[in-house]
Amino acid sequence: MGIPGLLPQLKRIQKQVSLKKYMYQTLAIDGYAWLHRASCACAFELVMNKPTNKYLQFFIKRLQLLKRLKIKPYIVFDGDSLFVKNHTETRRRKKRLENEMIAKKLWSAGNRYNAMEYFQKSVDITPEMAKCIIDYCKLHSIPYIVAPFEADPQMVYLEKMGLIQGIISEDSDLLVFGCKTLITKLNDQGKALEISKDDFSALPENFPLGELSEQQFRNLVCLAGCDYTSGIWKVGVVTAMKIVKRYSEMKDILIQIERTEKLCFSKAFKQQVEFANYAFQYQRVFCPLSNQITTLNNIPKAVTNSHAEIIKIMKCIGSVVERGSGVRKDVINTKNIDHKVHEMIAKGELHPVDMASKLINRERKLKARKLFKVSLLGGESNSFNKKVEQPLVDTQDVLSERENSLDNKNASSIYMTSPAAISGTVPSIF
DNA sequence: GGCATAAGGTACAT
DNA sequence: TCTCACCTTATGCC
């Protein structure tokens with residue numbers, strides 16, 4: 001995940017800060033990163049499909065910290081996975097399943113201590129878990145958004161639009177997407193490390209990131225390896241820096257590498273680099289001001305004139321639902337996108353992967369299933385209908401313990417965003 | 001000696 | 001059916 005070895009190179013410009021610095025400001029939060037950290041504490045329940053409120057409590061604890069510091073959170077969740085990342089996703093899924101099998105074997109053999117380790121490695125963070133957090137956010141008027149695809153470009157878009165003043169995440173990819181202020185290593189005391197893009201120029205000579213253009217930076221991470229490319233064997237960020245400083249064009253870099261015998265790259269690499277460049281620049285995001293799907297950066301006019309290139313771009317930035325047909329495809333013209341469907345995905349009402357079914361809170365789903373089983377096992381003859389039709393109090397009763405300490409009135413006044421107060425143009429493909 | 005890569009510990013909560 | 005691990009240290013290569 002991210003760019004291996006990049007953050008250590010940026011140590012010189014990492015500033016230790018207290019989040020107090022951001023008082024009265026809004027910070028984006030990578031929702032899946034927090035979910036993932038929280039999942040350690042309830043790995044067994046998550047894998048075995050048992051109800052748990054621990055991951056929600058992790059969020060509540062952290063949100064309370066932000067509230068004490070008078071910082072407005074804006075939680076951003078991942079949506080669907082990108083076509084260009086499919087190979088990494090399938091690999092991860094396979095690994096998770098392997099770990100799950102080991103965990104269950106150890107568990108049934110009575111080796112519960114060791115089983116837990118594998119349960120933690122086999123946890124799958126799902127949109128249904130995100131929905132559990134979303135229900136809490138709704139209850140407390142905390143702004144949130146489900147990105148159409150990755151949370152990273154979505155958060156950078158929010159920053160670009162002036163809706164947030166910094167991004168809390170551990171992912172170094174954000175810098176490649178163009179994040180200005182990255183806040184990492186946040187602890188329970190509100191201390192964190194801040195990395196500002198403006199400080200790149202202060203980096204030492206062996207890693208002069210400030211001297212690179214954005215394109216050169218993208219080339220660097222493609223060579224060293226990122227979420228979209230496998231990288232080149234024996235090339236880390238430092239070697240990649242030397243290469244991009246020497247040849248500014250990727251095609252020259254690849255020609256040189258092919259000439260030397262020391263380095264080599266796979267057939268797929270060239271295409272990975274092309275895809276990565278598109279995904280880093282033009283990935284689809286949702287604009288909460290216009291309530292429409294757009295792209296992180298505008299696709300330049302010169303590019304849109306080339307039909308072949310625009311087709312390729314569409315493949316890399318994520319397919320969307322077409323207006324009228326309701327079919328999911330690579331829609332070129334923004335006007336032909338079903339923005340209403342995507343608005344419902346952004347609000348967590350529709351499932352971000354199938355883009356059709358209703359997204360249901362994990363805990364609510366499990367509760368409904370349990371009630372269903374109880375009725376099947378011979379409760380009262382009409383108990384099923386009676387129980388299922390009742391509104392299920394999901395997060396609310398799960399939360400009851402901590403709830404009292406949160407002041408609802410204040411929450412809603414602090415957390416409301418005012419889109420009218422934000423000016424700026426909304427980029428679109430055409 | 002600098003760099004890339006592999007391996008092992010820790011995370012989370014109570 | 002449906003989405004993320006990270007950091008430090010050790011080792012080995014050029």
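The structure displayed is predicted, hence computed values, not measured ones.
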Worksheet item: Where the side chain of A:D78 is defined as all heavy atoms beyond and including C-beta, which of C:dA5, C:dT3, B:dC3 is the nearest nucleotide?
Response: C:dT3

Item to complete: Round to a whole Å and report the spacing from CD1 of A:I125 to P of C:dC6.
Response: 12 Å

Fill in: Whichever of A:K54 and A:A240 has its nearest DNA chain B nucleotide further upstream toward 5'
A:A240

Item to complete: Identify which nucleotide among C:dT3, C:dA5, B:dA4 has an atom closest to any side-chain atom of A:P127, counting heavy atoms from C-beta outward.
Response: C:dT3

What donor-acceptor contacts under 3.5 angstrom involve side-chain atoms of residues 343-358 of chain A, with partners at least two apart or in another chain?
from, atom 1, to, atom 2, distance (Å)
A:E343, OE1, A:K340, NZ, 3.0
A:E343, OE2, A:K347, NZ, 2.8
A:H351, ND1, A:V353, N, 3.0
A:H351, NE2, A:E128, OE2, 3.3
A:D354, OD1, A:A356, N, 2.8
A:D354, OD1, A:S357, N, 3.0
A:D354, OD1, A:S357, OG, 3.2
A:D354, OD2, A:S357, OG, 2.6

Item to complete: For A:R62 and for A:Q9, locate the closest nucleotide of DNA chain B by heavy-atom distance; then report the residue assigned to the nucleotide nearer the 5' terminus.
Response: A:Q9

Discussion item. The side chain of A:Q57 is closest to which nucleotide in this list: C:dT3, B:dT14, C:dA5?
Written reply: B:dT14

Discussion item. Any side-chain N or O of A:S39 below 4.0 angstrom from OP1/OP2 of B:dC12?
Written reply: no

Worksheet, complete the sentence: Of the listed C:dC2, B:dA4, B:dC12, the closest approach to the A:C40 side chain comes from B:dC12

Fill in: Distance, rounded to the nearest Å, where A:W34 contributes CH2 and C:dC6 contributes C1'
18 Å

Item to complete: Could you work out which one of C:dA5, B:dA4, C:dT3 sits closest to the side chain of A:H36?
Response: C:dA5

Discussion item. Starting the side chain at C-beta, find the nucleotide from B:dC3, C:dT3, B:dC12 nearest to A:K242.
Written reply: B:dC3

Worksheet item: With respect to the side chain of A:K234, which nucleotide from C:dT3, C:dC14, B:dA13 is positioned closest?
Response: C:dC14

Response to the item:
Per atom distances to the A:F58 side chain, the nearest of C:dA5, B:dC12, C:dC7 is B:dC12

Discussion item. Run the side chain to side chain donor-acceptor pair (under 3.5 Å) test against A:K105 and tell me which residues pass, sequence neighbours left out.
Written reply: none

Response to the item:
Between CG of A:L46 and C1' of B:dA13 the distance, given in whole Å, is 13 Å

Worksheet entry | Whole angstrom value for the distance that separates P of C:dT8 from NZ of A:K11 | 5 Å

Discussion item. Would you say A:R37 places a side-chain N or O within less than 4.0 Å of OP1 or OP2 belonging to B:dA11?
Written reply: no

Worksheet entry | Options C:dC7, C:dC2, B:dA13, nucleotide nearest the side-chain atoms of A:K61 | B:dA13

